[in-house]
Q: 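This is the structure I have questions about; it appears just below.
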There are 2 protein chains.
Amino acid sequence: MKEFIYDNKIYYSPIEFAMAHIGGTWKIPILLCLRKGSTRYGDLKKAIPHISDKMLFTQLRELEDKEMLTRQSFLEKPPRVEYQLTEKAKKALPVIDQMNTYGIFLMKEMGVFTE
Amino acid sequence: MKEFIYDNKIYYSPIEFAMAHIGGTWKIPILLCLRKGSTRYGDLKKAIPHISDKMLFTQLRELEDKEMLTRQSFLEKPPRVEYQLTEKAKKALPVIDQMNTYGIFLMKEMGVFTE
DNA sequence: CGGTATCCTTCTTGATACTG
DNA sequence: CAGTATCAAGAAGGATACCG
C-alpha cells in the first residue's frame, strides 16, 4: 500500500485514514451518543460529562469538516442546533461496535470488572 | 457504563480501553506486520520504513507491557530477538481488518485513489 | 442555549547520536 | 543487529472566561 495525501496530510494506510475520522478520545463517544438519540449540544454535554466545552466544540467541528455529521442551526430564541450522523458515519458504527466488543473482551481478560 | 481504573489510568468505556491497546499511529501497523510474518526488529523497520527507532522501540515495549506480543531474545552474536503476537492480539485482527475495510470505503468515498 | 477565545500544561512524536 | 538516551518541537487537552 502506497502512502497518499489528503487535505495536506500524509497517510500511510487506510487504517490511518479511518483513525483520522473516528480516532482520538472523543469522536467515538460523540458518534455513539448521536446514534443513541442525542441531537443537541447540551444533550451531548450531559451524555459525556467529562468532556470540556472546548473539546466538544473542536471535535464537533472536526467531525463536521470530515462529513461525519451535519449541523443544522435554527434561528430561534433560545438558539437550537441539531447534529445528525451522516451515512458515512453510520457505516462506521459496526466497526465501533466490534471495537467495543473487543474492549469488553480485553477487560474480562485483564480482570477489570464494572460492578 | 461506569468508568474504571486500570494500571493507574482512568477509562470511560471499553472502546477507550481497546484504543489503549491498538490505538495510535504505530500499534496497528506493527501488529499487521507481525501477522504477515515479520518477527524481528529489522524486519519491522523494513516493513514500516517511516517509523523512527525511538517509536518502534517504545511501541514494542508498550505492546509487550500490554501483553499484545511476546519478546524472545536469543543470546547469539549478532543478537537475535523475535516478536510474536499473543492470543489477545490475534483477537484484535478481525477488528483491525474491519477498520481497514472502513478506511478503504472512506478513501473511495472521498475520491482518494492509490494508483 | 450554544458556542468561542486565550492561555497554559502535558503528552506524543521526531531527530540525532551512541552502545552491547 | 537491536536497541537506548537525550533533547526539542508540535499536537492534544484542560481551565477559565466571555459572547450572540
Side-chain angles (χ1 to χ4, degrees), chain A residues 3 7-13 15-16 19-30 33-34 38-66 69-84, chain B residues 3 6-13 15-16 19-30 33-34 37-66 69-84:
Chain A
E3 67 269 20
D7 203 25
N8 290 322
K9 192 175 168 334
I10 188 163
Y11 298 92
Y12 292 91
S13 69
I15 285 173
E16 272 188 53
M19 288 300 238
H21 287 76
I22 63 172
T25 308
W26 302 113
K27 290 194 179 64
I28 289 180
I30 291 171
C33 287
L34 290 172
S38 300
T39 57
R40 304 180 60 173
Y41 189 93
D43 294 341
L44 294 166
K45 275 287 285 184
K46 248 167 269 166
I48 316 171
H50 56 295
I51 196 172
S52 68
D53 275 320
K54 171 178 172 179
M55 281 299 108
L56 183 51
F57 165 67
T58 55
Q59 296 299 306
L60 283 172
R61 281 302 155 93
E62 275 183 38
L63 287 167
E64 194 188 354
D65 289 346
K66 290 173 161 52
L69 52 79
T70 57
R71 179 181 184 282
Q72 193 178 5
S73 156
F74 299 87
L75 298 173
E76 303 173 357
K77 283 191 291 189
R80 180 161 63 99
V81 177
E82 294 200 346
Y83 296 96
Q84 305 278 347
Chain B
E3 67 268 21
Y6 185 81
D7 204 25
N8 290 322
K9 193 177 168 331
I10 188 163
Y11 298 93
Y12 292 91
S13 69
I15 285 173
E16 271 188 52
M19 288 300 237
H21 286 76
I22 63 172
T25 309
W26 303 112
K27 290 192 178 65
I28 289 180
I30 291 171
C33 287
L34 291 173
S38 300
T39 56
R40 304 182 59 175
Y41 189 93
D43 294 341
L44 295 166
K45 276 287 286 184
K46 248 167 270 165
I48 317 171
H50 57 294
I51 195 171
S52 67
D53 275 319
K54 170 177 173 179
M55 280 300 108
L56 182 51
F57 165 67
T58 55
Q59 296 298 307
L60 283 171
R61 281 303 155 94
E62 276 183 37
L63 287 168
E64 194 189 353
D65 289 347
K66 290 172 161 52
L69 53 78
T70 57
R71 179 182 183 281
Q72 192 178 5
S73 157
F74 299 87
L75 297 173
E76 301 174 358
K77 284 189 290 185
R80 180 162 63 99
V81 177
E82 295 200 344
Y83 295 95
Q84 305 279 347

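Just so it is clear: chains get the letters A, B, ... in the order the sequence lines come, proteins before strands, and each one is counted from 1. When reading the values below, keep in mind they use all heavy atoms of this one structure, side chains included, and skip hydrogens, waters and symmetry mates.
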Q: Quick one: list whatever passes side chain to side chain donor-acceptor pair (under 3.5 Å) with R61(B), sequence neighbours left out.
A: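 Here no residue qualifies.
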Q: Could you report the tightest heavy-atom contact between I10(A) and E3(A), atom names first, then the distance?
A: CD1-CG, 3.9 Å
Q: Within the 4.5 Å heavy-atom criterion, are Q84(A) and Q72(A) side-chain neighbours or not?
A: no
Q: Could you tell me how far apart H50(A) (NE2) and dA12(D) (P) are, to the nearest whole angstrom?
A: 18 Å
Q: Identify the two heavy atoms, one from I48(A) and one from C33(A), that lie closest to each other, and give their separation to 0.1 Å.
A: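 Reported closest heavy-atom pair: CG1-SG, 3.7 Å.
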Q: With a non-hydrogen cut-off below 4.0 angstrom, is K45(B) in contact with a base, only sugar-phosphate, or nothing?
A: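 Result for K45(B) = nothing.
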Q: What does K77(B) touch in the nucleic acid at a heavy-atom separation under 4.0 angstrom: a base, only the sugar-phosphate, or nothing?
A: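 Contact class for K77(B): none.
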Q: Quick one, I51(B) and T25(B) - any side-chain contact, counting heavy atoms below 4.5 Å?
A: no
Q: Decide yes or no for Y41(A) and L60(A): does some side-chain heavy atom of the first lie under 4.5 Å from some side-chain heavy atom of the second?
A: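 Yes. Closest side-chain heavy atoms under 4.5 Å.
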Q: Regarding T25(B), tell me which of base, sugar-phosphate or nothing describes its non-hydrogen contacts under 4.0 Å with the strands shown.
A: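 Here T25(B) touches the backbone only, sparing every base.
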Q: Using the salt bridge (Lys or Arg N to Asp or Glu O under 4.0 Å) criterion, which residues pair with E16(A)? Sequence neighbours excluded.
A: none
Q: Applying a 4.0 Å non-hydrogen cut-off, can you work out what S73(B) is touching in the nucleic acid: base, sugar-phosphate, or nothing?
A: nothing
Q: Chain B on DNA chain C: first and last contacting nucleotide, 5' to 3', under 4.0 Å to a heavy atom?
A: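 On DNA chain C, the outermost contacted nucleotides are dT13(C) to dG20(C).
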Q: Parallel, tilted or perpendicular for W26(B) and H50(B), by the 30°/60° rule?
A: tilted
Q: Using the C1' atoms of the five pairs at each end, what is the angle between the end axes of the helix from dC1(C)-dG20(D) to dG20(C)-dC1(D), to 10°?
A: 50°
Q: How long is the line joining CE of M19(A) and P of dA12(D), in whole Å?
A: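 Value for this atom pair: 14 Å.
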Q: Provide a list of protein-nucleic acid N or O atom pairs under 3.5 angstrom, restricted to nucleotides 1-3 of chain D.
A:
from   : atom 1 : to     : atom 2 : distance (Å)
dC1(D) : O3'    : R40(B) : NH2    : 3.1
dA2(D) : OP1    : R40(B) : NE     : 2.5
dA2(D) : OP1    : R40(B) : NH2    : 2.7
dA2(D) : OP2    : G42(B) : N      : 2.9
dG3(D) : OP1    : R71(B) : NE     : 3.2
dG3(D) : OP1    : R71(B) : NH2    : 2.6
dG3(D) : OP1    : Y83(B) : OH     : 3.1
dG3(D) : OP2    : Y83(B) : OH     : 2.6

Q: Could you tell me if K9(B) sits above the aromatic ring of Y11(B), with its cationic atom closer than 6.0 Å to the ring centre and no more than 45 degrees from the axis?
A: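 Verdict for Y11(B): a cation-pi partner in K9(B).
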Q: For the pair made of CH2 in W26(A) and C1' in dG14(D), what is the distance, rounded to whole Å?
A: 10 Å
Q: What are the two closest heavy atoms between L63(A) and H21(A), and how far apart are they?
A: CD2-O, 3.7 Å
Q: What residues form a side-chain contact (heavy atoms from CB on, under 4.5 Å) with K54(A), not counting sequence neighbours?
A: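 side-chain contact (heavy atoms from CB on, under 4.5 Å) list for K54(A), sorted by chain: S52(A), T58(A).
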Q: Separation of M55(B) atom CE from dG10(D) atom P, in whole Å?
A: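 To the nearest whole Å, that distance equals 16 Å.
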